[in-house]
Amino acid sequence: MSQDQDKAKIILESGQQAELPLVKGTKGEAGIDIGTLHKQLGLFTYDPGFMSTASCKSAITYIDGENGVLLYRGYPIEQLAKNSSFLEVAYLLMNGELPKDDELAGFVDEINHHTMLHEALRSFFDGFHYDAHPMAMMVGVMGSLSAFYHSELDMNDPEHRRISAMRMLAKVPTIAAACYRHSVGWPFVYPRMDLSYCENFLNMMFSLPSQKFIDKENYIDPVAVKALDVLFILHADHEQNASTSTVRLASSTGANPYACVAAGISALWGPAHGGANEAVLSMLAEIGTVDRIPEFIARAKDKNDPFRLMGFGHRVYKNFDPRATIVREVCHEVLEKYTLDDPMFELAMALEEYALKDEYFIEKKLYPNVDFYSGIIYKALKIPEEMLTVMFVIARTAGWVSHWLEMMAEPTRRIGRPRQIYTGYDRRDYVAPEERQ
Ligand code: CMC
């Protein structure tokens with residue numbers, strides 16, 4: 001294969017040739033537009049796991065995996081984590097620019113007004129067992145919003161699409177807190193419009209009827225609120241990850257947006273993706289003490305053992321995950337406030353140190369990712385373990401709806417429909433049951 005400025009030429013051993021245009025973005029590697037490859041050569045490309053495939057053009061998030069760079073709409077994640085708030089970042093992701101003062105105030109106000117759930121939706125929770133996993137409830141309840149906001153939704157109207165996106169972002173913490181309270185049998189707490197996004201979430205999670213509300217400063221700890229806000233910023237978007245790609249694929253059929261985001265929540269649940277933060281805590285509990293680290297490192301390296309070091313490795317980051325650097329700092333601050341010497345944090349640091357010196361991890365470029373420390377922070381904030389992936393859902397909803405808005409605004413949209421390399425039987429004839437061998 002050769003490549004000039006604007007096109008790539010593919011020459012098969014048979015002599016057949018195809019010329020394919022290059023697609024260039026504003027930053028990062030170019031892609032080869034293989035849309036006509038099948039027409040020209042009668043061949044498909046084969047790329048399980050999308051190791052070398054760009055599935056779309058997007059102007060939302062840029063990642064440079066080699067150099068540990070993550071930009072939201074051009075702004076470095078480090079600057080946003082330090083100076084911004086989650087809702088400001090959500091505005092940025094959805095609209096492309098940072099908001100002016102009045103724009104942010106209007107955005108926050110509108111989010112506040114969409115935080116409540118339809119009263120009929122509350123009865124949905126009664127159908128779930130008390131011990132249902134909160135992620136199972138998240139999938140179901142987010143999907144069920146499509147039944148509440150269907151008839152009036154005109155997907156061709158940008159304003160209708162914007163309101164759908166705002167609703168999802170506003171309601172997701174309310175749904176998340178309700179999932180938790182259902183699991184412990186507590187009454188649901190209504191959202192409060194006088195609290196910030198993260199304060200409101202903590203209030204809906206933890207407030208008890210007996211709790212005296214003097215004022216918000218005396219009840220909701222600003223250290224917890226700040227930590228939550230930073231974690232939400234870090235998890236808000238990550239370009240074409242598995243769950244965002246799922247949202248895009250489902251949306252390509254023109255399906256209802258709430259159902260598409262429910263599909264994204266399902267994809268996020270797995271331990272290779274958003275479920276990793278919960279899996280990290282289970283893994284640390286299983287390891288238990290520092291002296292058992294070598295045993296588990298050996299298991300992670302053993303190809304016959306399915307065990308992997310959770311919170312390690314990333315498809316894109318091959319030197320460091322910039323989010324992990326920020327999260328590690330937040331972890332220190334939070335633990336200083338809450339639990340001075342959490343043995344789990346000590347264990348995590350020892351495990352990180354051990355793995356980073358190990359030849360296997362060095363050679364395969366496996367570094368701690370954002371979820372190696374996020375679970376420890378959530379644990380310190382008393383967020384239960386089974387809620388950790390739900391926390392990821394709250395944050396990533398900002399990314400999912402931004403990608404949905406971007407995709408739906410494109411002038412032409414095609415249904416996402418990959419091809420396959422068939423490995424089954426050749427054509428064969430039906431045999432009657434009594435004649436089967
Ligand atoms: N522990 C041990 N070995 C690993 C690990 C790990 N955590 N991750 C990758 N490897 C090995 C893997 O066995 C493979 O070895 P070989 O080349 O000999 O077959 C090699 O490294 C490449 O791994 P891969 O699975 O082909 O890489 P991938 O890009 O397909 O997978 C990953 C990326 C994140 C799914 C994977 O590293 C993993 O399973 N990590 C643990 C789960 C985790 O922490 N996930 C959270 C990701 S960050 C949050 C998010 O964005 O969702």
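None of the values given here were measured: they were computed from a predicted structure. The chain is numbered in sequence order, starting from 1. Counting starts at 1 for both ligands and their atoms, following the listed order.
Distance screen at 4.0 Å: atom 42 (C) of ligand 1 has a protein heavy-atom neighbour inside the cut-off. Less than 4.0 angstrom separates atom 37 (O) of ligand 1 from at least one non-hydrogen atom of the protein. Within the 4.0 Å cut-off (strictly below), a protein heavy atom is located near atom 15 (O) of ligand 1.
F107 and Y91 have perpendicular rings, their planes meeting at more than 60° on a 0 to 90° scale where under 30° would count as parallel.
In this structure, CD in E278 is found 9.0 Å from CE in M135, a value given to the nearest 0.5 Å.
Figure legend: R299 and F307 shown as a cation-pi pair, the cationic atom lying under 6.0 angstrom from the six-membered ring centre and within 45 degrees of its axis. The cationic group of R122 does not satisfy the cation-pi geometry with F188, failing either the under 6.0 Å distance to the six-membered ring centre or the 45° limit from the ring axis.
Heavy-atom proximity to D371, at under 4.0 Å, picks out these atoms of ligand 1: 49 (C). Residue A276 approaches ligand 1 through these ligand atoms, each under 4.0 Å from one of its heavy atoms: 43 (C), 44 (O), 45 (N), 46 (C). Close approach to H314 involves these atoms of ligand 1, each under 4.0 Å from a residue heavy atom: 34 (C), 37 (O), 48 (S), 51 (O). Residue Y360 approaches ligand 1 through these ligand atoms, each under 4.0 Å from one of its heavy atoms: 2 (C), 3 (N), 4 (C), 11 (C), 13 (O).
An N or O contact shorter than 3.5 Å is missing between V370 and ligand 1 by distance. Checked against a 3.5 angstrom limit, the closest N/O atoms of L366 and ligand 1 fall outside it. For ligand 1, the polar-atom distance check finds an N/O of G311 within less than 3.5 Å of one of the ligand's N/O atoms. Residue contacts with ligand 1: K318 is placed with no nitrogen or oxygen under 3.5 Å of a nitrogen or oxygen of the ligand (distance criterion only).
One side chain, N67 or D64, offers a donor N or O that lies under 3.5 Å from an acceptor on the other. A donor-acceptor contact closer than 3.5 angstrom is absent between the side chains of D229 and S85.
When the heavy atoms of N369, I297, D305 are ranked by distance to atom 48 (S) of ligand 1, first place goes to N369. Taking only non-hydrogen atoms, the option from K303, M310, K364 nearest to atom 20 (C) of ligand 1 is K364. For the residues R315, K365, H238, R308, the heavy atom positioned nearest atom 24 (P) of ligand 1 is part of R308.
Scanning the protein for heavy atoms near atom 1 (N) of ligand 1, the closest one is L309 N, 3.1 Å. For atom 50 (C) of ligand 1, the nearest non-hydrogen atom of the protein is H273 ND1, 3.6 Å. Taking atom 45 (N) of ligand 1 as the reference point, the nearest protein heavy-atom neighbour is A272 O, 3.1 Å. What sits closest to atom 34 (C) of ligand 1 on the protein, heavy atoms only, is G313 O, 3.6 Å. F312 O, 2.9 Å is the protein heavy atom nearest to atom 40 (N) of ligand 1.
Within a 6.0 Å radius of CD in E295, other residues, nucleotides and ligands contribute more than 12 heavy atoms. Summarising the local packing, OH of Y46 is surrounded by 12 or fewer heavy atoms from other residues, nucleotides or ligands at distances under 6.0 Å.
The only option from L381, D221, L195, V225 that meets the side-chain contact (heavy atoms from CB on, under 4.5 Å) definition with L202 turns out to be V225.
No donor-acceptor distance shorter than 3.5 angstrom exists from the side chain of S252 to the backbone of I415, with no hydrogens or angles considered. Side-chain atoms of H182 come within 3.5 Å of backbone N or O of F125 as a donor-acceptor pair. Here the side chain of E199 pairs a donor or acceptor atom with the backbone of S196 at under 3.5 angstrom.
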- Query: Can you list the steps and then say if L284 with I376 is a side chain to side chain contact (heavy atoms under 4.5 Å, CB included)?
  - Reply: CA-CA 10 Å; L284 291 173; I376 298 173; 4.1 Å; yes
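At a 4.0 Å cut-off, at least one heavy atom of A300 sits close enough to ligand 1 to count as contact.
Proximity of P271 to ligand 1, defined as any heavy-atom pair under 4.0 Å, is confined to the backbone N, CA, C and O atoms.
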